Number of protein chains: 2
Amino acid sequence: MTYGNVLHALADPTRRHIFEALNKGPCSVGDLAARQPVSRPAVSQHLKVLMAANLVSVQTQGTRRLYYLRREGLEGLRQWLDGFWDDALASFGAEVARQVSADDG
Amino acid sequence: MTYGNVLHALADPTRRHIFEALNKGPCSVGDLAARQPVSRPAVSQHLKVLMAANLVSVQTQGTRRLYYLRREGLEGLRQWLDGFWDDALASFGAEVARQVSADDG
DNA sequence: CATTTCCGTAAGTCATTGCTTACGGTAAGC
DNA sequence: GCTTACCGTAAGCAATGACTTACGGAAATG
């Protein structure tokens, strides 16, 4: 479920651009929007989705709101991905795959 | 770009279910649809998307079409994820983050 | 206190998309 | 050859979503 939100959040290209931009360091919403081909409210809405996925966080600084990246938010997705290379699952999958390829030869 | 397709493909819950089901071994479209709350054509369309993302592949076997998982399709996404923990980027990000937290204390 | 800056949210629009039913096409069985 | 099983695609529909403009609120500036 947690990696579901992450996948959904990172599936959008604009959201990925914002996320990658924040990887270079914290940034305000206005500066973030200036480097995107979309309006500032659009960026704000995207940040809301990234927040819900625990991929970014905020820190108010005067009138500005500095968003920064949260790499921990990627952990769930990473672990889910690693699961596909799990030894037990891989060996089982390989065995079934061998049965399939057996029809070929 | 390649991980973009993967993220898009895996963002849909039904597609994830299909993908995870194929992780247990190859399966036909009908059997796949029997375990999903959607119709068979829907599964077929989802498989088309997974194919475009190089996440699955097919092998015709009589009238049946056995779909199987392709773990290589996840490599691009995995590498993209690993990039966020890259030493250089991380140190740079940490430095900027330190500047932000400097305002706090 | 009035103004400016920076931002989040509401409302509305248009494209995307996930789903369905209907159809056509290929391979096995009699 | 006809039927049956299995599947991909087309067409249509309802829902989601990404974007815009308009508005209102909070903090620095004078």
Side-chain angles (χ1 to χ4, degrees), chain A residues 1 4-22 25-69 99-100 102-104, chain B residues 1 4-22 25-69 99-100 102-104:
Chain A
M1 178 66 93
N5 296 335
V6 176
L7 284 168
H8 168 72
L10 296 178
D12 183 74
T14 304
R15 234 140 38 203
R16 269 203 310 277
H17 293 158
I18 293 174
F19 188 68
E20 290 173 343
L22 289 178
C27 192
S28 69
V29 181
D31 292 348
L32 229 38
R35 297 175 176 271
Q36 300 292 331
V38 296
S39 69
R40 180 192 53 78
V43 172
S44 207
Q45 291 163 3
H46 283 308
L47 287 169
K48 191 175 185 179
V49 176
L50 292 172
M51 282 274 288
N54 268 319
L55 288 174
V56 302
S57 194
V58 210
Q59 186 168 3
T60 301
Q61 198 175 24
T63 67
R64 304 175 61 191
R65 287 172 66 87
L66 253 56
Y67 280 86
Y68 57 94
L69 195 134
Q99 294 181 359
V100 176
D103 301 282
D104 197 20
Chain B
M1 180 65 94
N5 295 334
V6 175
L7 284 168
H8 167 73
L10 296 177
D12 183 73
T14 304
R15 231 137 42 200
R16 269 203 310 276
H17 292 158
I18 294 174
F19 187 69
E20 290 173 342
L22 288 178
C27 191
S28 68
V29 180
D31 292 348
L32 228 38
R35 295 174 178 271
Q36 301 291 331
V38 297
S39 69
R40 179 191 55 75
V43 173
S44 208
Q45 292 163 3
H46 282 308
L47 287 169
K48 192 176 184 178
V49 177
L50 291 172
M51 282 273 289
N54 269 320
L55 288 173
V56 302
S57 195
V58 211
Q59 187 167 7
T60 302
Q61 197 174 27
T63 67
R64 305 175 61 191
R65 287 173 67 86
L66 254 55
Y67 281 85
Y68 58 94
L69 195 132
Q99 294 182 358
V100 176
D103 299 284
D104 198 19

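What you see is a predicted model, and the numbers here were worked out from it, not measured in a lab. Reminder, nothing fancy here: chain letters follow the sequence lines and each chain counts from 1.
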Identify each atom pair where a protein N or O and an N or O of nucleotides 13-17 of chain D are less than 3.5 Å apart, giving names and distance.
none

Distances under 3.5 Å only, N/O to N/O: pair up the protein atoms with those of nucleotides 6-10 of chain D.
residue, atom, partner, partner atom, Å
D/dC7, OP1, B/Val29, N, 3.2
D/dC7, OP2, B/Gly30, N, 2.8
D/dG8, OP1, B/Arg65, NE, 2.9
D/dG8, OP1, B/Tyr67, OH, 2.5
D/dG8, OP2, B/Ser44, OG, 2.4
D/dG8, O5', B/Ser44, OG, 3.3
D/dG8, N7, B/Arg40, NH1, 3.1
D/dG8, O6, B/Arg40, NH2, 3.0

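A/Thr63 is linked by a side-chain contact (heavy atoms from CB on, under 4.5 Å) to nothing, counting only residues two or more places apart in sequence or in another chain. Partners of B/Ala11 under the side-chain contact (heavy atoms from CB on, under 4.5 Å) rule, at least two apart in sequence or in another chain, are A/Ala11. With sequence neighbours excluded, the residues satisfying side-chain contact (heavy atoms from CB on, under 4.5 Å) with B/Thr14 are B/Asp12, B/Ile18, B/Gln36, B/Val38, B/His46. Residues satisfying the ring-ring contact (aromatic ring centres under 6.0 Å, His included) test with A/Phe19, not counting sequence neighbours, are B/Phe84. Under the side-chain contact (heavy atoms from CB on, under 4.5 Å) criterion, A/Arg35 pairs with no residue at all, not counting sequence neighbours. Under the salt bridge (charged side-chain N to carboxylate O under 4.0 Å, His left out) criterion, B/Arg64 pairs with B/Asp31, not counting sequence neighbours.
In this structure, the CD atom of A/Gln61 is 15 Å from the C1' atom of D/dA26, given to the nearest Å. Atom CD1 in A/Ile18 sits about 11 Å away from atom P in D/dA18, given to the nearest Å.
Taking OG of B/Ser39 as the start and CD of B/Gln45 as the end, the distance is 7.5 Å to the nearest 0.5 Å.
Note on A/Ser39: every side-chain N or O is 4.0 Å or more away from OP1 and OP2 of D/dA18.
Summary of the strand contacts: A/Pro37 and A/Gly62 both lie near DNA chain D, and taking for each the nucleotide with the nearest heavy atom, the more 5' one is attributed to A/Pro37.
Checked by atom type and distance alone, the side chain of A/Arg15 pairs as donor or acceptor with a backbone atom of A/Ala9 at under 3.5 Å.
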